[in-house]
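A short write-up of the structure that comes next.
The figures here come from the full heavy-atom set of this structure, side chains too, leaving out hydrogens, waters and symmetry mates. Here is how names work: the chains are called A, B, and so on, in the same order as the sequence lines, proteins then strands, and each is numbered from 1.
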2 protein chains.
Amino acid sequence: MKYQEAKDKFILAWGSLGSSWGVSRTMAQIHALLLISTSPLSTEDIMEELQISRGNANQNIRALMDWGLVEKELKAGERREYFVAGKDIWELAKQVAKERKKRELEPMLKVLNQLQDVDGDSKEVKEFKEVTKNISDFAGQAESTLNLFINSKQNWFYKLLSKIKL
Amino acid sequence: MKYQEAKDKFILAWGSLGSSWGVSRTMAQIHALLLISTSPLSTEDIMEELQISRGNANQNIRALMDWGLVEKELKAGERREYFVAGKDIWELAKQVAKERKKRELEPMLKVLNQLQDVDGDSKEVKEFKEVTKNISDFAGQAESTLNLFINSKQNWFYKLLSKIKL
DNA sequence: TTAATTTTTCATTTATTATTGAAAGTTTCG
DNA sequence: CGAAACTTTCAATAATAAATGAAAAATTAA
């Protein structure tokens with residue numbers, strides 16, 4: 001397979017994976033582009049490569065920086081900003097886990113806790129309390145596990161799991 | 001807090017969690033409704049409760065059944081179909097993991113493997129191969145871990161992790 | 001078989017989200 | 001300062017996704 005073809009396929013695949021992960025398609029595509037780039041890219045480079053507008057490029061690069069997936073890099077004697085993505089996939093996964101925990105799991109836990117003090121003791125209310133309590137417990141355990149993961153060193157987790165299997 | 005208020009909050013929260021998980025808002029809301037319901041609900045019940053159209057209700061119920069999160073239940077001597085959601089959160093999580101693995105991880109792994117036979121040995125191609133190889137390896141490990149999880153019994157996983165922590 | 005009831009489909013409409021591009025803002029340097 | 005180089009914002013537009021509702025299809029009972 002030709003490089004250009006492979007590159008396009010990768011960017012496309014990463015983009016569509018993004019959409020099912022609450023990350024916009026273009027954002028994921030920019031990330032893909034930076035992942036496989038051998039050098040930092042400017043906004044212009046990204047616009048050119050993905051055929052998108054300046055505003056679009058700018059906003060999605062900014063979002064990637066918010067997620068902690070991309071960093072700004074300044075070149076000596078150059079005014080223009082360049083961007084790089086970390087290439088360590090383990091770090092990438094941890095960063096995504098961290099952000100999603102903050103953006104999704106934590107707000108949900110907050111709501112679930114509030115729901116525990118619903119009034120009444122009808123069948124409906126009992127069921128409601130039970131289900132939300134179970135979800136809350138589960139979410140709490142998920143949070144602990146994620147914390148473990150987020151603070152772990154590369155392979156710590158898999159090494160552990162592979163031992164257990166035996 | 002009043003039951004009705006709590007219920008609405010829960011349905012809302014579950015719905016918005018859904019959107020960030022590649023599940024449509026309405027689909028997640030129907031699921032939430034069934035989760036806290038003490039008895040099977042008909043399409044009519046769901047339309048009424050969530051104020052949605054028949055077509056919308058029908059399609060999202062169907063999607064929930066595709067995901068294996070909701071089942072049809074027939075009442076003796078009744079023509080109309082009723083629906084229930086499993087209340088075991090552990091089972092729910094496993095089912096979601098299973099479906100997402102099938103829908104997202106596996107297609108991605110397939111693409112990544114194809115990308116390994118890109119031609120050339122320029123700096124760019126080397127970097128490309130390295131990055132995609134790393135992602136592929138990571139995704140493979142993630143798949144193993146998910147398989148472990150999907151086949152595990154309730155709490156197996158957490159019991160394990162809590163032991164390790166000490 | 002026919003009529004009543006219920007489910008499904010799908011073209012149209014509506015709502016949501018993403019993108020554009022030009023204008024405004026910012027930074028740097030002579 | 002003032003102009004050039006670059007970045008950011010945001011109202012308008014376009015693209016995408018979800019919802020509606022009526023018609024068609026399927027199912028069941030008489």
Side-chain angles (χ1 to χ4, degrees), chain A residues 11-34 40-67 69-84 103-104, chain B residues 11-34 40-67 69-84 103-104:
Chain A
I11 290 174
L12 224 71
W14 202 248
S16 78
L17 191 68
S19 352
S20 47
W21 277 74
V23 169
S24 97
R25 194 171 48 82
T26 303
M27 190 172 148
Q29 288 183 347
I30 294 174
H31 186 236
L33 188 61
L34 290 172
L41 300 182
S42 68
T43 302
E44 295 279 347
D45 296 333
I46 291 166
M47 288 166 59
E48 162 80 14
E49 189 85 39
L50 301 178
Q51 291 292 304
I52 59 176
S53 71
R54 182 173 304 283
N56 195 7
N58 181 274
Q59 296 204 138
N60 284 106
I61 290 168
R62 168 159 291 277
L64 282 165
M65 292 198 292
D66 278 352
W67 274 77
L69 303 180
V70 161
E71 297 200 334
K72 197 179 286 191
E73 191 169 302
L74 297 175
K75 289 194 181 179
E78 280 226 46
R79 202 150 153 185
R80 164 177 311 195
E81 296 176 336
Y82 288 81
F83 305 94
V84 284
R103 290 163 198 240
E104 295 160 28
Chain B
I11 290 173
L12 224 71
W14 202 247
S16 77
L17 191 67
S19 355
S20 47
W21 277 76
V23 169
S24 95
R25 194 173 48 83
T26 302
M27 190 173 148
Q29 287 183 347
I30 294 174
H31 186 236
L33 188 61
L34 290 171
L41 300 182
S42 67
T43 302
E44 296 278 348
D45 295 334
I46 291 166
M47 288 166 60
E48 162 80 14
E49 189 85 39
L50 300 178
Q51 292 291 304
I52 58 175
S53 72
R54 184 173 302 285
N56 195 7
N58 181 275
Q59 299 211 108
N60 284 106
I61 291 168
R62 168 160 291 276
L64 282 165
M65 292 197 292
D66 278 352
W67 274 76
L69 302 181
V70 161
E71 298 202 332
K72 197 180 286 192
E73 190 168 303
L74 297 174
K75 288 194 180 180
E78 278 226 49
R79 200 151 156 186
R80 161 178 314 195
E81 295 175 337
Y82 288 80
F83 305 94
V84 284
R103 291 163 196 240
E104 295 158 29

(request) Check side chain to side chain contact (heavy atoms under 4.5 Å, CB included) between A:Ser24 and all other residues, then give those that pass, not counting sequence neighbours. (result)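 Listed in chain order: A:Thr26, A:Met27, A:Asn60.
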
(request) Applying side chain to side chain contact (heavy atoms under 4.5 Å, CB included), name anything that partners B:Glu73, two or more places apart in sequence or on another chain. (result)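 B:Glu73 satisfies side chain to side chain contact (heavy atoms under 4.5 Å, CB included) with B:Pro40, B:Val84 only.
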
(request) Check whether any side-chain N or O of B:Asp45 sits under 3.5 Å from a backbone N or O of B:Ser42 as a donor-acceptor pair, and report yes or no. (result) yes

Ignoring hydrogens, what is the shortest heavy-atom contact between [X] and [Y]? Give both atom names and the distance.
X	Y	result
A:Gln29	A:Gly15	CG-CA, 3.9 Å
A:Glu81	A:Lys72	OE2-NZ, 3.0 Å
B:Ile30	B:Ile46	CG1-CG2, 3.8 Å

(request) Measure the distance from CG on B:Leu74 to P on C:dT5 and round it to the nearest whole Å. (result)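 Rounding to the nearest Å, CG of B:Leu74 and P of C:dT5 are 19 Å apart.
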
(request) With sequence neighbours excluded, tell me which residues meet side chain to side chain donor-acceptor pair (under 3.5 Å) with B:Arg79. (result)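 Checked B:Arg79 against side chain to side chain donor-acceptor pair (under 3.5 Å); zero matches.
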
(request) With sequence neighbours excluded, give me every salt bridge (Lys or Arg N to Asp or Glu O under 4.0 Å) pair touching residues 51-65 of chain B. (result)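 Non-adjacent pairs meeting salt bridge (Lys or Arg N to Asp or Glu O under 4.0 Å): B:Glu44-B:Arg54.
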
(message) Taking any atom closer than 4.0 angstrom to a non-hydrogen atom of chain A, what span of DNA chain D does the protein reach, first nucleotide to last?
(response) D:dA4 to D:dC10

(message) Treating primed atoms plus P, OP1 and OP2 as sugar-phosphate and everything else as base, which nucleotides of nucleotides 17-30 of chain C get B, S or - for protein heavy atoms under 4.0 Å?
(response) -SSBB-----BB--

